[in-house]
Number of protein chains: 2
Amino acid sequence: MEKFYLLVALLALGGSCLGDEVNENDTDSGVYSYTTNFFTVPLDHFSFARRETFKIRYLVNDTYWDKKNNGPIFLYTGNEGSVEAFAENTGFMWDIAEEFGAALVFAEHRFYGQSSPPDTLKYKLENSKIRIMGYLTVTQTLADFAKLITAFKEENGAENSPVIAFGGSYGGVLTAWLRMKYPHVVAGGIASSAPFYLGNVPCETYDASLASIFGQNGNGNCVNVIRKSWSYLNHLGKTSKGRKWLTKAWRMCDPIEKDLPANPVKAFCSELQDTDPTNEKQVMRDMFQAINIYMNNSGYATCFDYSDDSMYSTSYSSNDDTAFNYQSCTELIDPECDDGVHDFFEPQTWDFAEFAQQCYDTYHVKPDASRVNLFFGGKDIIAASNIVFSNGLLDPWYAYGVLGNLSDSLIAVIIREGAHHLDLRAANEADPPSVVTARNLEKTMIKQWISQYHENQVKIQNVFAQF
Amino acid sequence: MEKFYLLVALLALGGSCLGDEVNENDTDSGVYSYTTNFFTVPLDHFSFARRETFKIRYLVNDTYWDKKNNGPIFLYTGNEGSVEAFAENTGFMWDIAEEFGAALVFAEHRFYGQSSPPDTLKYKLENSKIRIMGYLTVTQTLADFAKLITAFKEENGAENSPVIAFGGSYGGVLTAWLRMKYPHVVAGGIASSAPFYLGNVPCETYDASLASIFGQNGNGNCVNVIRKSWSYLNHLGKTSKGRKWLTKAWRMCDPIEKDLPANPVKAFCSELQDTDPTNEKQVMRDMFQAINIYMNNSGYATCFDYSDDSMYSTSYSSNDDTAFNYQSCTELIDPECDDGVHDFFEPQTWDFAEFAQQCYDTYHVKPDASRVNLFFGGKDIIAASNIVFSNGLLDPWYAYGVLGNLSDSLIAVIIREGAHHLDLRAANEADPPSVVTARNLEKTMIKQWISQYHENQVKIQNVFAQF
């Protein structure tokens with residue numbers, strides 16, 4: 001039954017940015033082409049006690065890079081999965097590269113995709129009872145990105161090229177944090193659908209936001225059908241006949257469409273528009289069709305393997321899954337609960353002690369709920385600059401986002417008809433006007449940051465030259 | 001002979017902030033009173049691989065703290081020595097505490113004073129071949145300070161009290177970096193005589209600056225006598241008779257005066273005013289008298305123990321000395337060289353390879369010259385805010401300082417008649433007008449930062465409350 005919750009959890013991502021499948025070892029997706037490279041990073045950036053290194057992967061496209069005129073570098077700050085998926089799903093960067101004369105660099109997050117320390121190193125460290133996974137932290141990851149892009153500039157003789165960061169979802173949080181902590185490395189950042197206030201909002205936030213979006217955007221029947229599905233699931237799950245039926249019904253996964261729909265809630269609910277909430281099997285069949293929109297929007301999957309933890313996307317390997325669970329158990333803690341009233345789930349409280357115990361049993365770590373706020377300020381990021389926080393109101397994660405301007409250079413952009421980081425996706429004829437407006441504003445800000453970067457370089461040299 | 005260079009190196013500090021002696025275990029210096037406290041910090045803030053903790057020391061005085069009206073907390077970011085020395089020598093904080101209704105907190109730097117990991121931990125880690133000293137890094141130290149002051153606010157129910165950081169010399173660099181990396185923790189900082197561009201200026205900088213100051217501020221004879229002293233030192237050092245004479249002559253260390261003179265260069269050179277540069281023994285005797293101004297400005301020392309590495313100040317323990325050497329061998333690298341023309345030393349080149357080899361032989365570490373710039377931006381700190389960089393033109397370290405405004409809130413203050421962080425010392429009748437002006441400007445900035453902090457808190461809550 002837990003698998004169903006997994007599906008719902010993914011659904012809850014509002015169309016995960018990892019929803020698309022990517023062939024491994026393919027350096028040309030047919031749509032976008034890039035070279036695949038590796039960069040050596042220290043396992044531990046913050047001490048001289050450890051000396052091990054490993055390699056992180058990064059993809060590069062320099063087709064339009066106007067290097068000799070200090071054309072910018074657009075850096076995607078990779079999140080929890082293989083970096084190709086982010087390269088494929090961040091069409092905005094590709095769309096505007098020519099106009100900006102920009103190089104594109106997509107950096108993979110440590111411990112995901114092909115950027116994990118080798119087994120030999122793991123073995124060595126496990127032997128000395130230091131668990132290597134302990135170096136999977138946000139601060140280490142940001143240092144990887146800063147070091148990588150600094151080295152990339154040096155290697156390319158591009159010291160005067162400004163770097164602009166881009167990221168969606170968790171990658172958007174990383175983009176904002178990278179700008180906050182390394183403003184000398186990154187001139188500005190587009191943090192799209194970043195759940196920035198994670199850990200600082202009430203535990204009901206996500207599911208209440210989800211129900212509210214479905215209530216406002218779906219047809220009248222949609223929330224009813226979803227609510228009903230829980231009791232049907234319980235009922236079917238109780239008998240072997242019911243389980244058999246469910247297994248068969250949910251294996252059907254015919255391709256539906258290539259691209260994620262512009263309004264995924266509407267698309268989801270359209271599958272449930274004519275569903276009779278009293279018809280158990282119809283509800284469960286139609287729910288699967290609806291969920292399939294999120295699960296398989298590339299249309300390439302032929303069936304879901306329920307025994308495989310990575311079933312919900314081939315871009316997530318089981319290693320990636322473990323890595324993200326580990327992060328959720330250490331510093332990226334997302335308390336979740338339901339009251340059954342503002343959401344469409346059964347009531348459930350948030351029990352930190354139980355959660356902490358599970359984390360300890362699984363990974364031998366204790367979650368540190370105050371850690372990320374200590375490093376990054378939580379709600380207080382007002383001293384930062386040059387970040388656009390964009391959020392779509394069709395995305396339940398928007399409720400974790402920065403939704404108001406904090407200063408002239410910490411800008412909130414609301415995309416009324418936008419799902420999860422829609423602004424970072426490739427321009428599409430079906431794009432609602434609000435996302436077009438958002439992308440134009442982002443381009444304006446990027447231009448401003450680039451000008452400011454060059455002005456600042458002069459100012460810095462002038463002050464320094466007083467010696 | 002090396003000992004003499006040590007003396008000169010200290011002289012070169014332009015009157016080290018650790019020049020005063022402090023009795024250990026004394027929580028009341030007679031001038032300033034404080035409680036002594038300890039705070040538990042993780043050995044490693046940046047991974048979940050290590051779980052060891054240890055305690056750092058901090059001193060508190062809350063005599064004037066207007067806590068209920070959100071009175072500020074003045075935090076001294078301790079540098080390379082026992083924290084009492086910094087508490088004693090930062091009279092400015094004590095002088096203005098009442099006016100601001102401020103609490104005073106002096107935090108000790110990890111691995112210095114009484115803030116070292118216990119031997120049991122050291123032993124344990126050495127056994128597993130991980131050298132504990134590897135966790136003596138700037139990033140770990142800043143995280144200590146941020147965690148300490150955040151916990152201090154929580155414990156005292158002072159969540160709405162702004163923190164203003166103060167630091168002199170290396171402590172001033174830490175103050176600036178703390179504000180840069182933790183602006184949500186520290187509302188602003190006074191970075192006094194901070195050698196901020198360490199590692200980014202030519203290797204001649206320090207000694208050329210020193211010679212220039214002596215040339216401009218001393219009497220005409222002073223530089224001549226100093227230049228001559230090197231050949232006399234070589235000559236005397238060649239014979240046992242000469243060495244005997246030198247040993248005896250340099251042991252004489254009668255008290256000279258209690259406070260560091262306002263213009264130490266003038267005081268130094270006044271000892272050499274009537275010295276005959278051709279008289280070997282007179283030069284060496286008078287040089288010692290001059291150096292004694294720096295070495296023993298408290299007047300408490302009775303003689304110098306040349307066999308003890310910590311001879312040059314009882315505030316530096318030999319552990320402290322090791323710790324600072326380690327930092328100089330890892331990330332705080334200060335290339336030094338002399339051309340014999342712009343300085344008053346014998347020509348000497350900077351050989352990084354040789355330096356690196358010495359570091360490796362001593363501590364099994366390789367200096368990483370690019371590390372600090374990667375983390376903190378080197379010359380490019382223009383995105384930061386709310387920092388005053390003050391520098392005195394009688395202090396050779398000024399040549400490493402930020403000497404021009406980088407923005408409206410990155411302010412450079414030049415103290416024409418100031419020695420090493422004179423502005424942080426207690427007000428004194430002999431203070432030159434330039435330091436009085438500097439302190440007033442600093443007070444104005446602090447007031448501005450405090451107002452801004454309270455305004456920002458409202459703004460942050462308003463944006464957050466949009467949910």
Side-chain angles (χ1 to χ4, degrees), chain A residues 44-50 125 128-137 139-140 143 146-147 150 181-185 197 200-201 205 330-331 365 368 370 373-386 399 402-407 412 456-457 459-464 466-467, chain B residues 44-50 125 128-137 139-140 143 146-147 150 181-185 197 200-201 205 330-331 365 368 370 373-386 399 402-407 412 456-457 459-464 466-467:
Chain A
D44 182 9
H45 287 275
F46 300 102
S47 86
F48 289 88
R50 300 235 59 92
L125 284 171
S128 63
K129 299 206 176 156
I130 294 166
R131 285 168 323 105
I132 196 170
M133 197 76 115
Y135 296 96
L136 169 55
T137 67
T139 44
Q140 301 281 358
K147 204 176 169 79
T150 302
K181 293 293 177 185
Y182 297 87
H184 53 288
V185 174
Y197 291 141
N200 292 301
V201 293
T205 301
T330 48
E331 49 184 11
V365 286
D368 183 349
S370 66
N373 282 354
L374 175 70
F375 288 137
F376 302 105
K379 293 179 278 188
D380 181 357
I381 57 163
I382 204 158
S385 59
N386 295 9
V402 179
L403 303 179
N405 294 353
L406 279 158
S407 71
N456 282 347
Q457 295 304 102
K459 214 183 283 182
I460 290 162
Q461 280 310 322
N462 285 346
V463 166
F464 190 71
Q466 296 192 357
F467 295 77
Chain B
D44 182 10
H45 288 273
F46 301 101
S47 86
F48 289 88
R50 300 236 60 93
L125 285 172
S128 63
K129 300 206 175 156
I130 294 167
R131 286 168 321 106
I132 196 172
M133 196 75 116
Y135 295 97
L136 168 55
T137 66
T139 47
Q140 301 281 358
K147 203 175 170 80
T150 301
K181 292 293 178 186
Y182 296 88
H184 53 288
V185 175
Y197 292 140
N200 293 299
V201 292
T205 301
T330 47
E331 47 185 11
V365 286
D368 183 349
S370 66
N373 281 356
L374 176 69
F375 288 137
F376 302 106
K379 293 178 277 186
D380 181 358
I381 57 163
I382 203 158
S385 58
N386 295 8
V402 178
L403 303 179
N405 295 353
L406 278 158
S407 71
N456 282 348
Q457 295 304 101
K459 212 182 285 183
I460 290 162
Q461 280 310 319
N462 285 347
V463 166
F464 191 70
Q466 296 194 357
F467 295 79

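This structure is a prediction, so every number in the text was calculated from the model and none was measured. Numbered from 1 within each chain, the chains take letters A, B, ... in sequence-line order.
Of the inter-residue distances, the one linking Asp44(B) atom CG with Asp44(A) atom CG reads 5.5 Å to the nearest 0.5 angstrom. With rounding to the nearest 0.5 Å, the separation of NZ in Lys379(B) from CD in Gln457(A) is 9.0 Å. Atom-to-atom distance recorded for Met133(B):CE and Ser47(A):OG is 13.0 Å, nearest 0.5 angstrom. Put simply, CZ on Phe48(A) and CG on Asp368(B) are 5.5 Å apart, with the number rounded to the nearest 0.5 Å. Note that CZ of Phe46(B) is 11.5 Å distant from NE2 of His45(A), once rounded to the nearest 0.5 Å. For the atom pair CD (Gln461(B)) and CG (Asp380(A)), the distance works out to 9.5 Å, reported to the nearest 0.5 Å.
Top candidate by heavy-atom pairs under 4.5 Å with chain B, chosen from Thr139(A), Leu374(A), Thr137(A), is Leu374(A).
A distance of 6.0 Å or more separates the ring centres of Phe376(A) and Tyr182(B).
Annotation: side chain of Phe375(A) is not in contact with side chain of Lys181(B) (no heavy-atom distance under 4.5 Å).
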Verdict with supporting geometry, Phe464(A) and Val201(B), side-chain contact (heavy atoms from CB on, under 4.5 Å): CA-CA 9 Å; Phe464(A) 190 71; Val201(B) 292; 4.2 Å; yes
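Both the backbone and the side chain of Thr330(B) come within contact range of chain A, with heavy atoms under 4.5 Å apart. For Asn386(B), no part lies near chain A; criterion is any non-hydrogen pair under 4.5 Å.
Residues Leu406(A) and Val463(B) approach most closely at CD2-CG2, 3.8 Å, considering heavy atoms. Here the shortest heavy-atom pairing between Ile382(B) and Lys459(A) reads CD1-CD, 3.7 Å.
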